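Data first, discussion second: the structure below is written as structure tokens.
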Amino acid sequence: LFLQLMAIRNQMAKAMGYPSYADSQYASYGRDRMPADSLKAAQIVKQVFVPLYARLRERCENEMKYLGGASFSEDSFLSAMEADAEKVVHGGKEAWRYMLAYGLYDSAPSKKKLRGSFTTYFSAYGCPFILTQWQGDASSVFTVIHEFGHFLSYYLNPEGTYYGVTDLDLAELDAQGFELFMTEEYEAIFGRYATAARLCFFMNALYAILSGFMEDEFQQSAYAMEAPTVEKLNQLYGRLSKEYGFDKLFGYGGMEWTDISHTFRFPFYYVSYGISMLGAMSMARQGRRVYRRLLRRSGTEPFAKIIGVDVLSEESIRNLAVWVENKVDTWLQA
């Protein structure tokens, strides 16, 4: 079925005048870059972040196991977040109170709920809404912080963020940027687990970069195949798994691409997680003024202009890798 779907999508792109299906999807997502730009950046990402990720995972292994055994009270988290959100950006407290006061946060566990979490916007009511399931572990905390990053941007500036998004990568930048700045406020949320949580977040951030570019490289190569077969797709994914280090780290063998729902439903979306995380890190290096500018943007401002840096350039990627490693060094030595 997927092979048939790829053929149909390639025909659609050709009928619309695009050189490839990847080009048509990048255009539909409003990106201010081309598929070739992502492939070029992917080669630098593999050179720089693959060894860094493997090295840091080994160094942070004990801390991550320590965090894995922790549990967190939702009531305590909800209370702490009010003040911490305001520290990240003015208006954070107001948005948090509004969310809770009007029942715009549904975290009750239920078998009838989707397993994932998301934030949407009720245009008829003029307000965002978060749906999630609180499990009491660190992952629950990370998830709600991420989703509130979306909620906050929709609440403060719906015209420029929800209604006006022209570049899909900006939507994730709102949430990932908020997450990064929130790491500075972890003591109130994670208590004695704050350092472990910071390290875990940065490992997740590096994974977002690697997996984002890997899935995009896989999809670009898959849709460009002359006569694709399932066996060829498995071989391709297996080769990329080795190049990105996922074979050793996670035991990838070549068929894991079938577990990524975006591959089937939202082709070429996944790289947004990687590109926007590079942008979020760049914002964190520059300071909160860039994040405030992001939240105030108009619906037409492009990703590169808001960040002020070409995050896909080799210089930027290498600088961010050094910045991440220095952060980890500081926390491990504390």
Side-chain angles (χ1 to χ4, degrees), residues 49 52-53 55-57 59-68 70 72 74 76-93 95-96 117 119 132 137-153 172-210 212 273-295 307 311 319-334:
F49 283 111
L52 175 64
Y53 183 59
R55 188 164 64 249
L56 294 185
R57 273 186 65 90
R59 293 180 62 192
C60 301
E61 185 177 3
N62 290 334
E63 291 283 357
M64 293 172 72
K65 287 181 179 177
Y66 177 58
L67 180 65
F72 301 93
E74 185 177 19
S76 298
F77 166 72
L78 295 177
S79 177
M81 268 294 292
E82 182 178 306
D84 285 348
E86 184 68 19
K87 291 177 183 177
V88 171
V89 61
H90 179 63
K93 179 193 290 188
W96 187 259
S117 302
T119 302
T132 187
D137 56 4
S139 178
S140 295
V141 179
F142 290 139
T143 296
V144 176
I145 290 175
H146 175 89
E147 295 302 335
F148 184 70
H150 287 302
F151 187 101
L152 180 65
S153 66
E172 289 303 328
L173 188 60
D174 291 327
Q176 291 175 330
F178 181 76
E179 286 182 280
L180 260 171
F181 287 112
M182 275 297 300
T183 60
E184 301 172 19
E185 316 299 333
Y186 271 7
E187 274 75 15
I189 294 173
F190 288 99
R192 68 178 183 273
Y193 297 99
T195 295
R198 289 188 180 102
L199 294 170
C200 185
F201 171 79
F202 268 77
M203 295 304 99
N204 292 341
L206 292 180
Y207 176 79
I209 294 170
L210 292 174
Y273 296 115
I275 293 174
S276 64
M277 185 55 77
L278 291 175
M281 288 180 175
S282 181
M283 281 197 305
R285 286 187 69 218
Q286 297 179 69
R288 299 187 186 190
R289 60 182 177 79
V290 184
Y291 183 62
R292 290 194 293 269
R293 187 168 72 222
L294 170 73
L295 294 179
I307 299 299
V311 298
N319 286 340
L320 289 176
V322 172
W323 178 76
V324 169
E325 190 150 27
N326 288 339
K327 284 275 190 184
V328 172
D329 283 340
T330 299
W331 294 329
L332 286 174
Q333 293 169 11

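This structure is a prediction, so every number in the text was calculated from the model and none was measured. Side chains included, hydrogens not; waters and symmetry mates left out as well; all remaining heavy atoms used.
- Among all heavy-atom pairs drawn from Leu173 and Gly279, the shortest one is CD1-C, 3.5 Å.
- With contacts defined as side-chain heavy-atom distances shorter than 4.5 Å, the pair Arg57/Leu206 does not qualify.
- Considering all non-hydrogen atoms of both residues, Tyr291 and Asp174 come closest at OH-O, 3.3 Å.
- A ring-centre distance under 6.0 Å is not found for Tyr207 and Tyr273.
- Val144 is not listed as a side-chain neighbour of Met81, based on a closest heavy-atom distance of 4.5 Å or more.
- Val311 approaches Ile275 most closely through the heavy-atom pair CG2-O, 4.2 Å.
- For the pair Val88 and Leu152, the minimum side-chain heavy-atom distance is 4.5 Å or more.
- Note: Met277 CE to Leu210 CG = 11.5 Å, rounded to the nearest 0.5 Å.
- Here the side chain of Glu82 pairs no donor or acceptor atom with the backbone of Lys93 at under 3.5 angstrom.
- Contact check for His146 versus Met182: no side-chain heavy atoms found under the 4.5 Å cut-off.
- Ring geometry for Phe72 against Phe190 counts as perpendicular: the plane angle is over 60°, on a 0 to 90° scale with 30° as the lower cut.
- Residue Arg55 holds its CZ atom at 8.0 Å from CZ of Arg59, rounded to the nearest 0.5 Å.
- Here Met283 contributes atom CE and Gln176 contributes atom CD; the two are 9.0 Å apart, rounded to the nearest 0.5 Å.
- Counting only distance, with no hydrogens or angles, the side chain of Thr183 and the backbone of Leu180 share a donor-acceptor pair below 3.5 Å.
- The shortest distance between side-chain heavy atoms of Arg288 and Val89 does not fall below 4.5 Å.
- Annotation: ring-ring contact (aromatic ring centres under 6.0 Å, His included) contacts of Tyr66 (sequence neighbours excluded): Tyr193.
- The two atoms that bring Phe202 and Val324 nearest to each other are CD2-CG1, 3.9 Å, heavy atoms only.
- Here the NE2-CD distance, from His150 to Glu172, works out to 4.0 Å after rounding to the nearest 0.5 Å.
- Considering every non-hydrogen atom in both Leu320 and Ser282, the closest pair reads CD2-N, 3.8 Å.
- The side-chain heavy atoms of Asp137 and Phe142, taken from C-beta on, include no pair separated by under 4.5 Å.
- Residues Glu147 and Thr143 have side chains that never bring a donor and an acceptor to within less than 3.5 angstrom of each other.
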(message) Run the side-chain contact (heavy atoms from CB on, under 4.5 Å) test on Gln333 and Asp329 for me, step by step, so that the C-alpha distance in whole Å, both residues' side-chain angles and the decisive distance to 0.1 Å come before the verdict.
(response) CA-CA 6 Å; Gln333 293 169 11; Asp329 283 340; 4.2 Å; yes
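- Counting only distance, with no hydrogens or angles, the side chain of Glu179 and the backbone of Phe201 share no donor-acceptor pair below 3.5 Å.
- Lys327 NZ to Arg285 CZ: the interatomic distance, rounded to the nearest 0.5 Å, is 10.5 Å.
- The shortest heavy-atom contact between Ala197 and Leu67 is CA-CD2, 3.7 Å.
- Arg293 has its side chain within reach of Val290: a pair of non-hydrogen atoms, C-beta onward, lies under 4.5 Å apart.
- Note on ring orientation: taking the six-membered ring where Trp is involved, the planes of Trp96 and Phe148 are perpendicular (angle over 60°, cut-offs 30° and 60°).
- Between the CG atom in Leu199 and the CG atom in Asn62 there is a gap of 11.0 Å [rounded to 0.5 Å].
- Side chains of Phe77 and Ile145 form a contact here, defined as non-hydrogen atoms less than 4.5 Å apart.
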